Amino acid sequence: MAATLSPPLVSAPPQSSPPTPETLPSNNHRYRYRYRSENQTRYTVDYTNPTILPLIERCSSTSQAKQIHAQMLRRRIFFDSSYYASRLFTLYALSDFSPSLDYARKVFDQMPEPNVYSWNTLIRAYASSSEPLQSFLVFLDMIQDCPDSPNKFTFPFLIKAASELAAKRVGMAVHGMAVKGSLDCDVFVLNALIHFYASCGDLVEGCKVFSKMPERDVVSWNSMINALAQEGGSSEKVFRVFEGMLGEGVEPNDVTMVGVFSACAKIRNLRYGRWFHSIVVKNGIEKSLILNNAMLDMYTKCECLCEAKRVFENMGKKDIVSWTTMLSGYAKMGEFDAARIVFNAMPRQDIAAWNALISAYEQNGHAKEALALFHELQVSKYAKPDEITLVSSLSACAQLGAAESGSWIHVYMKKHGVKLNCHLMTSLIDMYAKGGYLDKALEVFQSAEKKDVYVWSAMIAAFAMHGRGNDAINIFKRMQEAKIKPNAVTFTNVLCACSHAGLVEEGRFYFNQMLPKYGVVQQVKHYSCMVDILGRSGLLEEAIELIENMPLVPGASVWGALLGSCRTYGTIGQAEHAFAHLIEMEPRNHGAYVLMSNIYAKFGMWDGVSRLRKLMKEFGIKKEPGCSSIEVDDTVHEFLVGDNSHSQCREIYLKLYEIAERLKSNGYVPNKSQLLQDIEEENVKEQALYSHSEKIAIAFGLIKTAPSTPLRIMKNLRVCGDCHTVGKLISKLYDREIILRDRYRFHYFKEGQCSCMDYW
DNA sequence: ATAGGGTTAG
């Protein structure tokens, strides 16, 4: 039948060619009335028109629609029957072959008297368009021009528009109008309201609507389940609501199951996940594409890749989400070979696929691979970096301390006109700070127009890691002036700043104010910061008291902080106590063994040292090798302790030798105390001192960069006492600033001094 | 005389 439309079944005269938006009057409803006044003569129209309706019903393309449209204009049906006009208009507004919503709008504006149905349809079309605000403008016109009142169909669309806009007050007003129009018993209206309140973040109100409903259908339950599933930390509630649904005998459908799987995925609950999977099978629920994807997501998040692979392979239809989910499943597990195979097998590699790989590399500590991929992406023609790519890549630079590469990305952003959102701002600040460019971090921070709590917190962290405690606290104060509410992250950074700068009073002050003044509950990490602050300044008793009285289970980080301060101030008993707790929680924490053995060595308890060493060997625990890196000419050079694999190894060691001689002739005596734990022969110790990775990196930097260029070195472990002394001396004797980032903070060596004032 | 709502990744 559709084929008979072309050529037109009614031979249309040439002047009645289909209208185009250009030839139509503009979007102004005054035209509607003009049409009427110009056409006083009414034609008799057969409202049971036998030809038009079947044509509209079978219409499946724009050109067919336009032919029907032309006929209706010519035969005046369009003007004389608001019913037929509305049927035609729906084709333009909602069908998937609609040329555009603008076009539909122009057709709408031609209708002399659009009926309620047409008004609703237009509101509906805008609600799910890119301009949901238009729904409300149309609604105002409707109240003005439409003789009939808005009905039960109008409200769900309006509420949907309010959800899209996350316009809470507007939606509440619509809710009020629905109540006034006695439409608040319509299940569609109420379901829309649940969804609306949830999308504005007001689950309480959503629950209220839900619980007051006289009757609930499957969509009501789904709206509730999905609202809770999207809210963080409500997974348990999702399961309870689901059980409530089964209890009331409502059959779950595929949308229900998407919600519950997403809740499982969020909290990685495989047990529930498998149970839901069995329900899908038992109830014969249609395994729609989205449902399959949600199951896939659940299994990958629960690290159950075999199961995920089975789902994936049994899927009839796969889309890009399916592929990306599978890909990031492998990547997050560190199975990068498998991830790459999926990546290459995908029908097309969109930016999400690249992001999945890049961020997995970055999150698993393979920052170099992440950056390499980012560079590969830039030469690819098929995908363009987006904000997520940039955030991951900047984080990779931050990890590496590769500020040169990072600032290159910053330039790229400026060149491509990427607008700085808060995520990007935070990443940039973090990258510059961790790369040793505190001033650049501050520059970005100051240029920010809008700063959210993370941007502020990142700047506090930046000052903290550079040992600038008071500046960090100042930022914290300014943040409050700007009326930004600090969160748990903010306080971690503030306390960390106090710890690095030895600000005991301030630390105590802010720690105690967290809950009463700011309503932020102290977490284990805040306690460990506090223990660190107290312990570092020798207040060990107070630190221990704090641990004993804390309302949470002291985590490994708390005991680690205590053990750390025992090295300087503690008794052997306190240290052993902390160590015992620490390895009970983290038996494979190599740092703990090294620290404890350092403490034994300090007390000259060599039997303790060898006992620990035996233990480590027995459990196969290896000391993490020291590794330092330096960025020269956009390339990150990495050196392991005692490394001799670099192509310029010979020059480096000659330089090291030269440095040693020069330092010694200036009165330097190597400090070997921190090596006692793992090397016994005296001469080897001295050699080891010269082979520490940060020294190798410094030597390399001295060779490869112009005189008086600052050197920026990144180290994976804490800097040892000897390297710290050497750093200070080199800064003076070679007239070089050395900016050394260790595991915890920065050291600025300049003219023989270090910014940490030897407090670290 | 026509009709509507809820969903997956990064």
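No experiment lies behind these values; they were computed from the predicted model shown. Just so we're on the same page: letters track the sequence lines, and every chain starts at 1.
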Next item on the list: Output yes when at least one side-chain N/O atom of Lys152(A) is less than 4.0 Å from OP1 or OP2 of dA3(B), else no.
Entry: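 For Lys152(A), the contact criterion (side-chain N or O under 4.0 Å from OP1 or OP2 of dA3(B)) is not met.
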Can you tell which of [options] lies closest to the side chain of [X]?
X: Phe157(A); options: dT7(B), dT2(B), dG4(B); result: dG4(B)
X: Asn293(A); options: dT8(B), dA1(B), dG10(B); result: dT8(B)
X: Ser328(A); options: dG10(B), dT2(B), dT7(B); result: dG10(B)
X: Gln230(A); options: dT7(B), dG4(B), dG10(B); result: dT7(B)
X: Ser359(A); options: dT2(B), dG10(B), dA9(B); result: dG10(B)
X: Ser86(A); options: dT7(B), dT2(B), dG4(B); result: dT2(B)

How would you label the contact of [X] with the nucleic acid (heavy atoms, under 4.0 Å): base, sugar-phosphate, or nothing?
X: Ala356(A); answer: nothing
X: Gln363(A); answer: nothing
X: Asn120(A); answer: base
X: Asp217(A); answer: base
X: Ser262(A); answer: nothing
X: Asn253(A); answer: base

What is the separation between atom [atom1] on [X] and atom [atom2] on [N], rounded to the nearest whole Å?
X: Trp354(A); N: dA9(B); atom1: CH2; atom2: P; result: 23 Å
X: Phe261(A); N: dT7(B); atom1: CZ; atom2: C1'; result: 13 Å
X: Leu291(A); N: dT8(B); atom1: CG; atom2: P; result: 12 Å
X: Trp119(A); N: dG4(B); atom1: CH2; atom2: P; result: 20 Å
X: Leu190(A); N: dG4(B); atom1: CG; atom2: C1'; result: 14 Å
X: Leu55(A); N: dT2(B); atom1: CG; atom2: P; result: 20 Å
X: Asn292(A); N: dA9(B); atom1: CG; atom2: P; result: 14 Å
X: Met257(A); N: dT7(B); atom1: CE; atom2: P; result: 16 Å

Notebook entry, point to check: Is the ring of Tyr117(A) stacked on the base of dT2(B), with centres less than 5.5 Å apart and planes under 30° off?
Noted result: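 So Tyr117(A) counts as stacking on the base.
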Check: So, Phe153(A) and dA3(B): ring centres less than 5.5 Å apart, planes less than 30° off, yes or no?
Finding: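 So yes, this residue stacks on that base, both cut-offs being met.
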Check: Honestly, is Lys318(A) close enough over Phe312(A), meaning NZ or CZ under 6.0 Å from the six-membered ring centre and within 45° of the axis?
Finding: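 That pair qualifies as a cation-pi contact.
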Item checked: Asn115(A) side chain to Asp148(A) side chain, donor-acceptor N/O pair below 3.5 angstrom ->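 The criterion, which ignores hydrogens and geometry beyond distance, is not satisfied for Asp148(A) and Asn115(A).
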Margin query: Could you check whether Asp297(A) and Thr325(A), counting side-chain N and O atoms only, form a donor-acceptor pair closer than 3.5 Å?
Written below: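 Side-chain D/A pair, Thr325(A) to Asp297(A): absent.
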Item checked: More than 12 heavy atoms of other groups within 6.0 Å of Glu243(A) CD ->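 For Glu243(A), atom CD is crowded (more than 12 foreign heavy atoms under 6.0 Å).
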Next item on the list: Please say whether more than 12 non-hydrogen atoms of neighbouring residues, nucleotides or ligands are located less than 6.0 Å from CG in Asn314(A).
Entry: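 Atom CG in Asn314(A) is packed in, count exceeds 12.
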